Amino acid sequence: MFTIDHLGIAVKSLASAKAIYEKLGLSVSPEETVEAEKVRLVMVPVGESRLELLEPTCEDSVIARFLAKRGEGLHHVCLRVPDLPAAVARLKQDGVRLVAEEIKIGAGGHRYVFVHPASTGGVLLELVDSAH
Ligand code: CO
């Protein structure tokens, strides 16, 4: 089944960005660093979905570059798909532009790919496997 797994939000500071959600009474996960992506993140569960707050760990992080160019705000939308390898194969066949050709392993061992905004109407689209 397809769901919105999470919305990724680029922030300068996790400490200040997560405060609003704590004030609303939502629970915020412990901070986790993903070395491969050069980000530190927290997840905020909201119903069946989550918000993912992303803070860069260094200047050449993708998130650091996003913040420099666009400022804080919505960075990507993540859909959970039933069969990620099959979905990726179909997209490639149709000439859809992916950010990287290979499926990667991310936080918590989940598999993911990013579809380039040029192929999605301007939204960086993350796809994760519901089978993980
Ligand atoms: Co994400």
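Here the structure is a predicted model, which means the values were calculated and not measured. First listed ligand is number 1; within each ligand, the first listed atom is number 1.
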Note to self: I'd like to know if the side chain of E126 pairs up with that of H6 as donor and acceptor (distance under 3.5 Å, no hydrogens or angles considered).
What the structure shows: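 Present: a donor and an acceptor within the cut-off.
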Next item on the list: Answer yes or no: is there a donor N or O on one side and an acceptor on the other, between the side chain of T57 and the main chain of R40, under 3.5 Å?
Entry: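 Such a contact is absent between T57 side chain and R40 backbone.
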Margin query: Between S119 (side chain only) and V96 (backbone N and O only), is there a donor and an acceptor less than 3.5 Å apart?
Written below: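 Not confirmed, S119 side chain does not pair with V96 backbone.
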Check: Which atoms of the protein, restricted to N, O or S, are nearer than 2.8 Å to the Co ion (ligand 1)?
Finding: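 Metal shell, protein only: H6 NE2, E52 OE1, H76 NE2, E126 OE1.
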Notebook entry, point to check: Which residue pairs pass the salt bridge (charged side-chain N to carboxylate O under 4.0 Å, His left out) test with at least one member in residues 61-78, sequence neighbours excluded?
Noted result: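 For residues 61-78, and leaving out neighbouring residues, there are no salt bridge (charged side-chain N to carboxylate O under 4.0 Å, His left out) pairs at all.
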Next item on the list: Pick out which of V113, V62, V115, L124 makes a side chain to side chain contact (heavy atoms under 4.5 Å, CB included) with V99.
Entry: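 Running side chain to side chain contact (heavy atoms under 4.5 Å, CB included) over V113, V62, V115, L124 with V99 returns exactly one hit, L124.
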Margin query: Once rounded to the nearest 0.5 Å, what's the spacing between atom NZ of K18 and atom OG of S27?
Written below: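 So the NZ of K18 and the OG of S27 are separated by 12.0 Å.
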